[in-house]
*Asks:* 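My questions all concern the structure below.
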Amino acid sequence: MNLDGSAQDPEKREYSSVCVGREDDIKKSERMTAVVHDREVVIFYHKGEYHAMDIRCYHSGGPLHLGDIEDFDGRPCIVCPWHKYKITLATGEGLYQSINPKDPSAKPKWCSKGVKQRIHTVTVDNGNIYVTLSSEPFKCASDFYATGDFKVIKSSS
């Protein structure tokens, strides 16, 4: 309930922006973790841009905040430290290398599995970093690990 006794709109609360830190801090570390409305996210600062996504890899729940950022086919990706899955920072697509079996001499090319990791919106206002959870209605593979027993950020309680 709000202070005036009215019920809070759950849709509005769930997707409101949450301040997760200061711009100076993330620029130094290039990443940070946060809990936004009970959802764990990782925020990256890479080549002057901010990106936020669910903290657990869609494949097997690996801790993406511990992965390395590498470019694949010109797209910056986080590489899951558990099984080396590649996820684009901008769109959450899973990438894989493919080769035409009818032409084994062909060079492998990077292909998309589609959006697998839920991406969230990052905004900067007056030096503060805000994350707004995705309101996209589609089911995302990373949703499975975003709730329940898979938490990686320890609460202070």
Side-chain angles (χ1 to χ4, degrees), residues 13-100 106-157:
R13 184 192 70 79
E14 187 175 323
Y15 300 118
S16 61
S17 294
V18 172
C19 183
V20 297
R22 299 281 303 156
E23 192 174 16
D24 293 340
D25 296 332
I26 192 171
K27 282 185 175 179
K28 289 178 199 163
S29 65
E30 297 183 341
R31 66 187 68 200
M32 66 188 312
T33 60
V35 178
V36 178
H37 300 299
D38 205 35
R39 192 174 190 114
E40 293 178 322
V41 297
V42 57
I43 303 100
F44 297 105
Y45 179 72
H46 182 70
K47 293 185 178 177
E49 295 182 357
Y50 294 95
H51 306 276
M53 63 179 57
D54 288 344
I55 200 167
R56 291 280 192 184
C57 178
Y58 72 90
H59 167 247
S60 195
L64 294 178
H65 63 294
L66 301 177
D68 293 324
I69 295 176
E70 298 179 34
D71 280 5
F72 296 95
D73 201 28
R75 294 179 276 189
C77 297
I78 185 71
V79 179
C80 180
W82 282 5
H83 301 110
K84 307 304 179 203
Y85 275 54
K86 288 108 175 112
I87 303 164
T88 63
L89 295 178
T91 63
E93 291 174 87
L95 298 184
Y96 68 98
Q97 274 194 313
S98 173
I99 193 161
N100 181 350
K107 183 179 175 189
K109 66 178 188 169
W110 287 100
C111 299
S112 173
K113 298 177 186 179
V115 175
K116 298 291 186 178
Q117 196 75 20
R118 191 166 295 278
I119 299 297
H120 307 289
T121 304
V122 180
T123 53
V124 179
D125 184 28
N126 202 25
N128 293 314
I129 304 289
Y130 295 87
V131 173
T132 307
L133 294 181
S134 167
S135 59
E136 294 296 323
F138 66 88
K139 187 85 170 145
C140 203
S142 68
D143 292 343
F144 178 78
Y145 294 104
T147 57
D149 298 328
F150 303 103
K151 302 274 186 201
V152 295
I153 299 174
K154 304 297 180 216
S155 66
S156 57
S157 56

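Quick caveat: nothing in here was measured; it's all calculated off a predicted structure.
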*Asks:* Quick one: CD1 on Ile43 to OG1 on Thr33, what's the gap to the nearest 0.5 Å?
*Replies:*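 So the gap between those two atoms works out to 7.0 Å.
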*Asks:* Is any side-chain heavy atom of Arg22 closer than 4.5 Å to one of Asn128?
*Replies:*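 Result yes, sub-4.5 Å side-chain heavy-atom pair found.
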*Asks:* Rounded to the nearest 0.5 Å, what's the gap from CZ on Arg31 to NE2 on His65? Could you check?
*Replies:*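 If I round to the nearest 0.5 Å, the distance is 9.0 Å.
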*Asks:* How close do Phe44 and Ile26 get, counting heavy atoms only, and between which atoms?
*Replies:*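 Looks like C-CD1, 4.2 Å.
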*Asks:* Give me the atom names and distance for the closest heavy-atom approach of Ala90 to Ile119.
*Replies:*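 Of all heavy-atom pairs spanning Ala90 and Ile119, the closest is O-CG2, 4.1 Å.
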*Asks:* Can you see which heavy atom on Lys113 is nearest to which on Leu95, and at what distance?
*Replies:*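 Heavy-atom minimum between the residues: CE-O, 4.3 Å.
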*Asks:* I need the His37 NE2 to Ser17 OG distance, nearest 0.5 Å.
*Replies:*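 Atom-to-atom, His37:NE2 and Ser17:OG are 8.0 Å apart.
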*Asks:* Within 45° of the ring axis of Tyr58 and under 6.0 Å from its six-membered ring centre, is that where the NZ or CZ of Arg118 lies?
*Replies:*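 Because its charged atom misses either the 6.0 Å distance or the 45° angle limit, Arg118 does not stack over Tyr58.
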*Asks:* Specify the closest pair of heavy atoms between Ile99 and Ala106, including all atoms of both residues, with the distance to one decimal.
*Replies:*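 So the two residues come closest at CD1-O, 3.0 Å.
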*Asks:* Using every non-hydrogen atom in the two residues, find where His120 and Val131 come nearest and quote the distance to one decimal.
*Replies:*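 Heavy atoms of His120 and Val131 come nearest at CB-CG1, 4.0 Å.
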*Asks:* Using modelled atom types only, decide if a donor and an acceptor are shared between the side chain of Ser60 and the backbone of Gly62 within a distance under 3.5 Å.
*Replies:*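 Looks like no, no N/O pair under 3.5 Å.
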*Asks:* How about Tyr45 and Glu23: does a side-chain donor come under 3.5 Å of a side-chain acceptor?
*Replies:*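 Note: Tyr45 and Glu23 side chains miss the donor-acceptor criterion.
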*Asks:* Name all residues meeting the side-chain contact (heavy atoms from CB on, under 4.5 Å) criterion together with Glu30; count only those two or more places apart in sequence or in a different chain, and write none if there are none.
*Replies:*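 Glu30 satisfies side-chain contact (heavy atoms from CB on, under 4.5 Å) with no other residue.
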*Asks:* Could you tell me whether the side chain of Asp143 reaches within less than 4.5 Å of the side chain of Arg39, counting heavy atoms only?
*Replies:*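 Result yes, sub-4.5 Å side-chain heavy-atom pair found.
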*Asks:* What heavy-atom pair brings Gln117 and Met53 nearest, and what distance separates the two atoms?
*Replies:*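 Answer, listing the atom of Gln117 first, then Met53: CG-SD, 3.9 Å.
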*Asks:* Does the side chain of Asp25 come within less than 4.5 Å of Met32's, by heavy atoms?
*Replies:*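 No, too far: nothing below the 4.5 Å cut-off.
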*Asks:* Is there side-chain contact between Val41 and Leu133, with at least one heavy-atom pair below 4.5 Å?
*Replies:*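 Yes; the side chains approach each other to less than 4.5 Å.
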*Asks:* Quick test of your reading of the model: are Lys116 and Asp54 salt-bridged, counting only N-O distances below 4.0 Å?
*Replies:*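 Looking at Asp54 together with Lys116, the answer is no, because their closest N to O distance does not fall below 4.0 Å.
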*Asks:* Could you list the donor-acceptor pairs under 3.5 angstrom formed between side-chain atoms of residues 66-84 and any protein atom two or more places apart in sequence or on another chain?
*Replies:*
unit_1, atom_1, unit_2, atom_2, d
Asp71, OD2, Lys47, NZ, 3.1
His83, ND1, His59, ND1, 3.3

*Asks:* Just wondering, do Pro63 and Arg56 contact through their side chains at under 4.5 Å, heavy atoms?
*Replies:*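 In contact.
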